[in-house]
Amino acid sequence: MDLVSSLNPEQRAAVLQTSGPVLILAGAGSGKTRVIAHRIAHLASSGLAPPDGILAVTFTNKAAEEMRLRVASLLGTDCRSMWISTFHALCARLLRREAPLIGLSRDFVIYDSNDQLTVMKQALRSLGLEDGAVQPRVALSRISHAKNRMEGPESFDTAWNPREQHFATLFTLYTKALADARALDFDDLLLKTVELFERSPAARERYARRFGYVMVDEYQDTNRPQYLLIQALTASHRNLCVVGDPDQSIYKWRGADLRNILDFERDFPEAVVVRLERNYRSTQVILDAASAVIAKNRNRKEKRLYTELAGGARIQIYRAADDLDEAEFIARTCRRALQSTPGSQAAVLYRTNAQSRTIEDGLRRAGMAYRIIGGVRFYERKEIKDTLSYLRLALNPHDDVSLRRVINVPARGIGKGVMDSLESATPAPPSHSASPLFAGLSVEEGPPSLWSKLVEVVEQRLVAPRAGTALAAFKSLVEELAQLTTESSVAVCVGKVLDRSGYLKDLREEHSEEADGRIENLQELVSAAREYESRAAEPSLAGFVDQLALLSDADEEAGSRDSHVLMMTLHSAKGLEFPTVIIAGLEEGLFPHSRAVDDDAELEEERRLCYVGLTRAQRAVVLTSAARRRVFGDYQSTEASRFIDEIPLELVEEIPSRAFAANSLYGAQHGRRGDYGSGQARTFRREPRREEPRTYADEDEDQSAPGGLKPGRRVTHPLFGPGTIVSVEPLDDDTKLVVRFAAVGTKTLRAKYAKLQPA
DNA sequence: GACCACTAGAATGAT
DNA sequence: TCTAGTGGTC
């Protein structure tokens with residue numbers, strides 16, 4: 001099989017250099033993913049390694065999926081047996097097999113950031129620190145940073161600083177709470193795997209032998225535990241290939257240590273270094289703009305990117321009156337870009353998820369189909385988390401966070417009072433308190449979980465009969481579900497949980513549109529389970545639950561399949577490319593973020609993020625900002641981002657604002673680019689129409705309205721945008737409408753409530 | 001104990 | 001603007 005003839009000489013060298021350490025310094029758009037995929041395919045097809053002897057690690061699920069697809073299409077096989085996964089998924093998988101080697105239960109549960117928050121709030125309560133002096137999120141972030149540096153509570157400077165003392169105590173409490181619940185957070189997944197390989201050289205050698213070839217993507221973003229993990233797996237054979245670009249390091253806040261990539265040649269003196277500097281993605285204008293911005297960073301290695309796509313359209317810059325105007329402009333720009341090249345894609349990138357809503361509304365109003373990547377995650381929805389909690393309880397009833405979450409969902413008469421008496425119960429030692437079903441779980445002795453207290457309370461009848469009955473019913477429910485997990489398929493388990501817990505019944509009886517939506521989501525969860533079973537190499541309920549906990553972008557439902565506007569944060573755009581890229585909110589304090597403006601190191605990271613954003617574009621870049629922006633409901637005026645000023649003027653084209661308030665503060669303040677729209681006819685923004693729009697519901701009342709509601713009629717919904725009525729069905733005092741919307745698909749509405757306007 | 005209405009606080013990024 | 005948490009009422 002000829003896997004290399006389509007590659008340039010440097011790419012080819014990177015693919016064919018299979019033995020020993022290899023460092024690939026890959027500039028943006030230099031075909032990095034392509035090289036890794038070819039390298040994996042080459043290793044497998046040349047017989048150098050069996051498919052399950054190749055390990056490829058990435059940072060995001062999206063990148064892993066992309067990699068797998070590329071390798072599969074190169075080899076013409078499914079590459080299910082290859083280990084191509086994220087760091088966290090790899091660790092979860094290793095720990096599921098080997099946890100007992102470090103005294104950990106195999107049935108650990110993975111706590112996501114919400115679960116972490118719950119634990120931390122509980123810890124704060126137990127310390128009597130509810131006054132808000134210590135914010136749970138801040139404490140968690142401090143703890144996570146310490147963990148990423150592989151430091152414990154003792155690393156906090158507690159001698160004279162009471163606040164640091166709190167962090168240290170909270171660290172201890174938090175660690176204990178997770179251990180008691182047999183839970184690992186995201187950081188623990190990495191740390192425990194490192195610990196596993198430290199404490200069991202035999203296991204380390206077993207996996208090092210197994211994975212004879214290891215590849216790591218985005219190596220510039222690895223943190224200390226990730227670095228050690230890779231070292232452990234490759235120290236004996238040194239067949240390690242890492243790929244990265246220091247200019248694209250954007251995860252310092254997650255503990256990424258640039259030294260890992262900068263010192264690679266020191267760690268592996270015999271390393272072969274390959275530089276990929278030819279860019280196949282962007283026009284010269286885009287590359288020049290991106291290079292000019294990143295050149296402002298002092299802490300970097302000079303790098304030369306070149307392309308044969310000379311010239312190109314200038315970078316467009318638009319300063320909007322406010323965030324609404326910005327969103328409208330973005331929608332217009334997307335429409336124009338997609339019209340000029342049908343079938344192409346445009347991506348709207350933003351610094352913070354909070355910006356997505358306004359942009360989303362703008363696209364919807366314009367009738368553009370779009371898809372949001374990331375953001376409100378599927379598994380973070382209430383109903384999904386509830387179901388997940390039941391599944392987690394079935395696997396590990398000591399998971400206190402899950403137990404608290406669902407013990408009274410749906411309501412079964414276990415309220416605050418009962419929970420208080422539960423908490424204060426003191427069960428007998430765990431050895432004979434747990435039911436036989438879970439006897440094997442308590443690998444390490446810990447303080448009693450809520451579950452063991454519950455078992456005790458029920459068996460010793462320690463509460464009032466009414467509460468006792470409710471608790472007993474819950475206990476047998478969990479036991480029944482646990483039994484199920486041992487004998488049924490994953491999808492069946494999920495279905496049974498929904499059925500036996502009464503969760504689905506409760507939602508069905510609600511008869512609201514919201515409840516129906518939740519039911520749909522739960523059905524989707526069952527389908528996801530089915531799909532998981534057909535795809536996974538060794539399907540298990542625990543594996544499915546892990547996957548959900550580690551999944552970030554299962555949010556596939558917004559927008560139709562053929563939508564070509566994608567919305568995502570700059571962080572999740574890393575590794576992707578689009579013909580047109582729009583970066584929104586280029587304002588001081590937003591991008592660069594306010595937390596970075598006073599700190600040189602953080603500012604450089606923001607600039608790298610800007611570099612990542614610019615280099616996603618193939619043909620066109622549009623940068624927008626808003627002179628005032630709504631924050632928590634009221635307006636704040638803003639200053640354009642310094643990053644805009646860092647792009648040479650000759651590469652830039654300013655788009656005059658269509659709608660600019662005459663009394664705006666802007667214009668007077670700004671020297672360099674203060675002449676927006678000069679020489680152009682300036683149209684002033686009308687006040688947004690605030691009077692209630694006339695709706696069909698109003699017309700129904702006065703009966704005089706001609707036309708009204710007929711299938712085929714074009715209407716506009718304030719949220720869903722333009723659409724066409726599909727069917728009309730009269731009800732007692734209202735009308736049921738089915739409307740197909742361009743942006744969101746078909747919806748069933750009540751004429752009375754949906755404020756439809758004639759379009 | 002369940003439900004509802006009110007209010008305070010919120011949001012950098014992702015596994 | 002939206003949401004999680006709280007306190008009051010049935």
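Every chain is numbered from 1, with letters handed out A, B, ... down the list of sequences. Just so you know, these numbers come straight off a predicted model, no measurement behind them.
Distances shorter than 4.0 Å separate none of the side-chain N or O atoms of A/T352 from OP1 or OP2 on B/dG13. Considering only side-chain N and O atoms, A/N353 lies under 4.0 angstrom from the phosphate OP1 or OP2 of B/dG13. Contact check, A/N223 against B/dT15: no side-chain N or O comes under 4.0 Å of OP1 or OP2. An OP1 or OP2 oxygen of B/dA14 is reached within less than 4.0 angstrom by no side-chain nitrogen or oxygen of A/N61. For B/dA11, neither phosphate oxygen OP1 nor OP2 lies less than 4.0 angstrom from any side-chain nitrogen or oxygen of A/Q355.
A cation-pi arrangement is absent between A/R182 and A/F108 under the rule of less than 6.0 angstrom and at most 45 degrees off the ring axis. For the pair A/R608 and A/Y611, the NZ or CZ position fails the cation-pi test of under 6.0 Å to the six-membered ring centre and within 45 degrees of the ring normal. In this structure, A/R616 is not positioned above the aromatic face of A/F578 in the sense of NZ or CZ being under 6.0 Å from the six-membered ring centre and within 45° of the axis.
Heavy-atom distances to DNA chain B give each of A/M419 and A/Q135 a nearest nucleotide, and the one nearer the 5′ end belongs to A/M419. Position along DNA chain B of the nearest nucleotide to A/R351 versus A/A467 favours A/A467 as the more 5'-ward residue.
Between B/dT15, B/dA10, B/dA14, one nucleotide has an atom nearer to the side chain of A/T569 than all others, and that is B/dA14. The side chain of A/R357 lies closest to C/dC2 when the candidates are C/dC2, B/dT15, B/dG13. Comparing B/dA14, B/dG13, B/dT15 against the side chain of A/Y251 picks out B/dA14 as the nearest. Taking only side-chain atoms of A/R137, from C-beta outward, the nucleotide of B/dT15, C/dT1, B/dA11 with the closest atom is B/dA11.
Remark: A/N223 CG to A/K252 NZ distance equals 13.0 Å, nearest 0.5 Å.
Counting to the nearest Å, the P atom of B/dA14 and the CG atom of A/D185 are 18 Å from each other. Taking atom NE2 of A/H571 as the reference point, atom P of B/dA14 lies 7 Å away to the nearest angstrom. If you measure from atom CZ of A/R595 to atom C1' of B/dT12, you get 7 Å, rounded to the nearest angstrom. Spacing between atom CD of A/Q248 and atom C1' of B/dG13 amounts to 16 Å, rounded to whole angstrom units. Between the CG atom of A/L95 and the P atom of B/dT15 there is a distance of 19 Å, rounded to whole Å. Computed from coordinates, the A/K192 NZ to B/dT15 C1' distance equals 18 Å when rounded to whole Å. The separation between A/D634 atom CG and B/dG9 atom P is 16 Å, rounded to whole Å. The distance between atom CG of A/D361 and atom C1' of C/dT1, rounded to the nearest whole Å, is 11 Å.
With centroids closer than 5.5 Å and planes inclined by less than 30 degrees as the test, A/F632 and the base of B/dG9 fail to qualify as a stacked pair. Remark: ring of A/H593 overlaps the six-membered base ring of B/dT12 in a stacked fashion, centroids less than 5.5 Å apart, planes less than 30° apart.
Aromatic rings of A/H571 and A/W253 (six-membered ring for Trp) have centroids within the 6.0 Å cut-off, being under it.
Every salt bridge (charged side-chain N to carboxylate O under 4.0 Å, His left out) that A/R404 has, sequence neighbours left out, goes to A/E423.
Within the 4.0 angstrom heavy-atom criterion, only backbone atoms of the sugar-phosphate kind lie near A/S572; the bases stay farther away. A/V631 comes within contact range of no nucleotide atom at all, as no heavy-atom separation falls under 4.0 Å. At the heavy-atom level, A/N408 lies under 4.0 Å from the strands shown only through sugar-phosphate atoms. Within 4.0 Å of A/A354, counting heavy atoms only, lies at least one base atom of the nucleic acid. As judged by a 4.0 angstrom heavy-atom cut-off over every strand, A/F59 is placed among residues touching the sugar-phosphate backbone only.
The residue from A/E587, A/E588, A/E606 that alone fulfils the salt bridge (charged side-chain N to carboxylate O under 4.0 Å, His left out) condition with A/R642 is A/E588.
The minimum heavy-atom distance between A/A139 and A/V134, with the atom names listed, is CB-CG1, 4.1 Å.
At most 12 non-hydrogen atoms from other residues, nucleotides or ligands lie less than 6.0 angstrom from CG of A/N299.
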B/S/- along nucleotides 3-10 of chain C (protein heavy atoms under 4.0 Å) is --S-----

